[in-house]
Amino acid sequence: MSEEGKKEEPTRAKTVDGLEKKWTKWWSKKEVYKYRGESRSSTYSIDTPPPTVSGHLHVGHVFSYTHTDVIARYKRMRGYDVFYPMGWDDNGLPTERRVQNYYGVYVDTSLKFDPSFKAPLEGGKAPKDFKAVPCSRENFIELCETLSQKDEEQFKDLWVELGLSVDWSRTYHTIGEECRRISQFAFLENLKRGEAYQKVAPVLWDTTFQTAVSQAELESREYPGFYHKLLFHADGEEVAIETTRPELLAACVALIANPKDPRYLHLKGKSVKTPLFGVKVPVLFHEAAEMDKGAGIAMCCTFGDVTDVEWWRELSLPVRSILTKSGRITSSVPEWIQSEEGKRAFEKLENLTTFSARKEITSLLKESGEMEGEPIPTSRMANFYEKGSKPIEIIPSRQWYIVNGSHDEKLKSDLLACGEKISFHPAFMKRRYDNWVEGLSEDWLISRQRFFGIPFPIWYRVKENGEVDYASPILPSAEELPVDPSSHTPKGFEEKMRGKAGGFVAEPDVMDTWAASSLTPLLASGWKRDESLFKNTFPMDLRPQGQDIIRTWLFDTVLRSWLEFKELPWKEATLSGWILDPDHKKMSKSKGNVVVPKEPIETYGPDAVRYWAASARLGVDTAYDEGEMKIGRRLSNKILNASKFILDLKEGAGDISKVASPLDLSLLSCLFEVEKKVTLALESFDHASALQETEAFFWSFCDDYIELVKDRAYKGDQSALNALKIALDAILALFAPFLPFVTEEAWHWAHPEGISIHLSSWPSLVEAKESPEGFKKAALFLSLLRKEKSERKVSLKTEVEKALLFGPGSEEAKIASSDLLSAVHARQIEFDPSQKEAGAKIEF
RNA sequence: GGGCGAUUAGCGCAGCGGUAGCGCACUUCCCUGACACGGAAGGGGUCACAGGUCCGAUUCCUGUAUCGCCCACCA
């Protein structure tokens, strides 16, 4: 026992306050949660979600991580060697922005690493006329690692305080060297097998961040717009179309109507002239044109939305692009506009943002009389990059992709089969996986036009004529990884050949953050780094995560694992729900309703906060509820007090052979039943019922069993004393995964030489000879007698002459007759099972 | 438009073929030799609605409504 422990012993803690400091220190000193790595069969491995290191903590973190910790602790007590690592996600836009603001820098990939670089700021507010300073990608990554270390300390403090049983010697960073190496290596493997490829195609583009984004990162939002009715000119008639994107008129390549629409059939094979620009475009027909939408005929622009892309592809239309990557109209008149009026009109739109261009073109159209009526306001759904603030545009560019089954039926069905083999908890979450896989329409776009992130390990040759030869990239060997092609020179070249004809250039793009995150099971388990660790931990057992990232993190991880090994990354996936604020609104920083987890932990104690979290089932959105924490705190205190009471009695050794009274045996049978239920629940990841079941038994144990046997226990009755001790040990063990601090405290009172309850074994009682009904009925009649006393307005300890128990169950309750007698302070007791309804009477 | 979940006491939630449970809150009582950061007892619900299956439905089936989420649509 530690010195601290000794000091505590004479006066056992009365409340839960302060337990966390004492025991977290002890656990760390004794390496209670260390993964030993003996064999795959004894290992239970967890693919812990690496929290985004953004400097903000949130009770939602506490919620879902507690669910996982309960399982980790349970498995450990079941004898598993639990592999429970922790990662930090410091690769991605949130970190990038945070580092930029914190240090006052931005990345310039043309710069070389500067070992003496000093950032101009170090947190705090930037001076008024401050201008951010450029730095190399490597310097930026260094700054990122420095800052995330600070953030990680915060997170780690929280996790430790919460009592997460993480093995802190196993941590990783998603921007760390090892992760860059693995991500690049895995990408090169994909490339080798033909699963990664590049192509020039229309991509979803965020104009604010100026990067391509993937289908998985889209979200639909309500966006205000206007319907504009434009008049196209056909022979002898005007064709009206409706559009919300008039600014793209110059990019129009065709009008599309439904082949079944009689209104436009006569235009088949004809062309029309666009308003303002007078460009001739064909009238074409396609099933995707909806007759009841707008005018029933649409203009197809390159590119206004994904339907345009579909038409463009299927009808082999030309590309007429007028939007630049910054979201502005191009700065010169495109060659397809021939007429003088058209050229003049376009000049007025040059360099305008889509928003200003829309206003400008509207007035031009009004002037020319080619718009019918006023624009009609509408609210439509538009696609946004989830972190962006303007709708995405579709712009053709060269990008890297990884296959995901969208164009490959075999791969798609393999991935669906993977979904079948993973157990989702709750099970209905699997449908979201299926829906996503079935609905994929494009391969996974993994290149991002950002500066911070994991670079593609690729260079390209520059031909003698100065053109970049994308077709045959130069690749590094596995030993060279990680590389940053913008500052490292490929083998066989000299740095001075960079950017020169006959030389080389770097691939400027970085990988999507999910490209790294999708490798967490490989990263954590030591793939290509520690083969014995890898053998013992992969495929992993459990992936816990949020329900919102099934389509990204979960799917991408399955995909990468499948491509790499033709294997599942893990067997089970648990999905936690949202945390809502007390008014059932989703907690989010922008709403300002976020609760910082430190506060409730300090106020109620970590066990109480865990109690709240563990009371909610997986997949169920849960309101933040301090009331529930109060109950958890009360329960924790009660556990301490009940333990104290039992251990202060004349010590029973917990020897089951000394338990002889039928009531005591019956209690142990009830306990056996509870253990079975709790174990079953935890095996199916139903921590909430496990906790509830344990708690219900514990209250009945305190209110009924302890009250019944108190008298015997005071008198040193061995049967009662031993049963109390056995039950106490079992109850502490059943609570241990949920309430690690109080259970540890009380367990050490009983086991002063032991290391930790969390390394002790899960209770495995055998059913006692007596039926559980005896105790249950005794408890029932004890409660009926209490009710009788309460209704007769006498105190519980008032002496009475006779207690009369009748009705069903009173026969079984007879095994407790002498205990009932002393518990209700009666001189005699009578039973009458012949009555129809159970009840109790007292006589004075 | 497709899919998924929810709807049970004032609130938060369990339950699931046999005439409703837990916790909080509420009312009453009790500083009883573990516990007043406590304990005992009590009141409170036509289980969203409408059909169907069944001897019997809150529980199964089919619809409807409301709320939430995911996907698709975005002329």
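Everything quoted here is computed from the prediction, not taken from an experiment. Below, read A as the first sequence line, B as the second, and so on, with proteins coming before strands; counting in each chain starts at 1.
- Looking at the side chain of A:Arg551, the nearest of the listed nucleotides B:C71, B:A41, B:C73 is B:C71.
- Put simply, CG on A:Asn722 and CG on A:Asp664 are 9.5 Å apart, with the number rounded to the nearest 0.5 Å.
- Using the six-membered ring where Trp is involved, A:Trp612 and A:Tyr624 have ring planes that are perpendicular, over 60° apart on the 30 and 60° scheme.
- In this structure, A:Leu580 CG and A:Asp625 CG are separated by 11.5 Å, a value rounded to the nearest 0.5 Å.
- The side chain of A:Lys797 sits closest to B:U32 out of B:A41, B:U32, B:G39.
- You won't find any donor-acceptor pair under 3.5 Å spanning the side chain of A:Arg432 and the base of B:C4, going by distance alone.
- Of the candidate nucleotides B:C24, B:C73, B:C35, B:C24 has the atom lying nearest to any side-chain atom of A:Ile631.
- Proximity of residues 244-260 of chain A to RNA chain B (heavy atom under 4.0 angstrom from any strand atom) is restricted to A:Thr244.
- Contact annotation: A:Arg634 side-chain N/O to B:A36 OP1/OP2 distance is not under 4.0 Å.
- A salt bridge does not link A:Arg786 to A:Glu707: none of the charged nitrogens lies less than 4.0 Å from a carboxylate oxygen.
- For A:Asn637 and B:C35, a side-chain-to-base donor-acceptor distance below 3.5 Å is absent, hydrogens and geometry of angles not being considered.
- By the salt bridge (Lys or Arg N to Asp or Glu O under 4.0 Å) test, A:Glu837 is found to be paired with no residue, residues two or more places apart in sequence or in another chain being considered.
- The residues A:Lys715 and A:Asp717 are annotated as not salt-bridged, no charged nitrogen and carboxylate oxygen being separated by less than 4.0 angstrom.
- The interatomic distance linking A:Phe701 (CZ) with B:C35 (P) rounds to 16 Å, in whole Å.
- Considering only side-chain atoms of A:Glu707, the nucleotide from B:C35, B:C24, B:G42 that sits closest is B:C35.
- The pair A:Arg610-A:Glu20 does not count as a salt bridge, with every side-chain nitrogen at least 4.0 angstrom from each carboxylate oxygen.
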Legend entry - Canonical and wobble pairing (Watson-Crick, G-U, under 3.5 Å) of RNA chain B, dot-bracket with |: (((((((..((((....[..)))).(((((.......))))).....(((((..]....))))))))))))....
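- Atom-to-atom, CD1 of A:Ile550 to P of B:C69 comes out at 15 Å; the value is rounded to the nearest Å.
- Across all strands shown, A:Arg431 has heavy atoms under 4.0 Å from sugar-phosphate atoms exclusively, and none from any base.
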